[in-house]
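The figures that follow rest on heavy atoms only: side chains count, while hydrogens, waters and symmetry mates do not.
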Amino acid sequence: MAATARRRDGQVAQERMLEEAMTAIAEDGLASLTMSALGKRLGTSGGHILYYFGSKDRLLLEALRWSENGLADQRRALLSRRVTAERKLDQFVELYLPRGPRDPRWTLWIELWARTSTDEALREAQDELDRGWQEDLETLLDRGVRQGRFAPLDTAERASQLLALLDGLSTRIVIGQRGAERSAVLATARSAAERLVARA
């Protein structure tokens, strides 16, 4: 029983660290995040955080996984809603895009992309996280076709195309490109989705 309690305490501690890391990235940017600074925010030491994660890179990857797990739950809820396939696709696009230039999840994604060419573990993690979005979008499109809401299409190919487009648009939001406010990008993404996924 005591061992179970210790494991639970450790899990809570790690989740608290990940949550605080995401908050720190949103507030101060990724460059300002150090183990020492994060430790101060949590009332502990940088060494204590390293005990759980081993390195800053591992902390960042686990923070991204933690954030993506929350979004995976939202995607599953979206797929089960009793709304039209068109509405689900619109909500999927909205969920995918960053909330704004300081979105910590997307800040971490861009950092991950920059490192995957030289780090096999990061590449595998990226593939795993990307696969969840791809599979859920394929499911959404496939159901829309079967329900007669979308015209017949290659759901795997079309999902891949739409996600690639959303990645590009998302990057514009995160870097704060002129004219890339979230509302404008969302309108562009919706228009593109309507062209890629034709109504029946």
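How far CG of L140 is from CZ of R149: 12.0 Å, rounded to the nearest 0.5 Å. We find the CG-CD distance between N69 and Q74 to be 11.5 Å, quoted to the nearest 0.5 Å. Here the CG atom belonging to L42 is positioned 9.5 Å from the CD atom belonging to E19, to the nearest 0.5 angstrom. Here the CG-OG distance, from L122 to S117, works out to 10.0 Å after rounding to the nearest 0.5 Å. Distance check, rounded to the nearest 0.5 Å: CG of L38 to CZ of R41 gives 7.5 Å.
Every residue two or more places apart in sequence or in another chain that forms a ring pair (Phe, Tyr, Trp, His ring centres under 6.0 Å) with Y96 is listed here: W106, W133. In this structure A159 satisfies the side-chain contact (heavy atoms from CB on, under 4.5 Å) test together with Q134, L137, E138, L141, sequence neighbours excluded. Annotation: side-chain contact (heavy atoms from CB on, under 4.5 Å) contacts of A200 (sequence neighbours excluded): none. Considering only residues two or more places apart in sequence or on other chains, W66 meets the ring pair (Phe, Tyr, Trp, His ring centres under 6.0 Å) condition with none of them. By the side chain to side chain donor-acceptor pair (under 3.5 Å) test, R131 pairs with no residue at all, sequence neighbours left out.
Atom CZ of R195 sits in a sparse spot, with 12 or fewer heavy atoms from other residues, nucleotides or ligands closer than 6.0 Å. Within a 6.0 Å sphere centred on CZ of R99, heavy atoms belonging to other residues, nucleotides or ligands number 12 at most.
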Output a table of donor-acceptor pairs, distance under 3.5 Å, between side-chain atoms of residues 177-185 and any protein atom two or more places apart or on a different chain; print 'none' if there are none.
unit_1	atom_1	unit_2	atom_2	d
Q177	OE1	R172	NE	3.3
R182	NE	P98	O	2.5
R182	NH2	E94	O	2.7

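Comment: E111 engages R115 in a salt bridge, judged by a side-chain N to carboxylate O separation of less than 4.0 angstrom. Residues R65 and E68 are not paired through a salt bridge, judged by the lack of any N-O separation under 4.0 Å between the basic side chain and the carboxylate.
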Applying side chain to side chain contact (heavy atoms under 4.5 Å, CB included), run through L50 and L59 and close with a yes or a no. CA-CA 8 Å; L50 286 172; L59 168 70; over 6 Å; no
Could you walk me through whether E62 and Y52 pass side chain to side chain contact (heavy atoms under 4.5 Å, CB included), step by step? CA-CA 11 Å; E62 293 307 316; Y52 285 102; over 6 Å; no
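In this pair, W109 and W113 present their aromatic rings tilted. The plane angle is within the 30 to 60° band.
Between the side chain of S160 and the main chain of A156, no donor-acceptor pair closer than 3.5 Å is present. S80 contributes a side-chain N or O that, together with a main-chain N or O of A77, makes up a donor-acceptor pair within less than 3.5 Å.
One side chain, R158 or Q161, offers a donor N or O that lies under 3.5 Å from an acceptor on the other.
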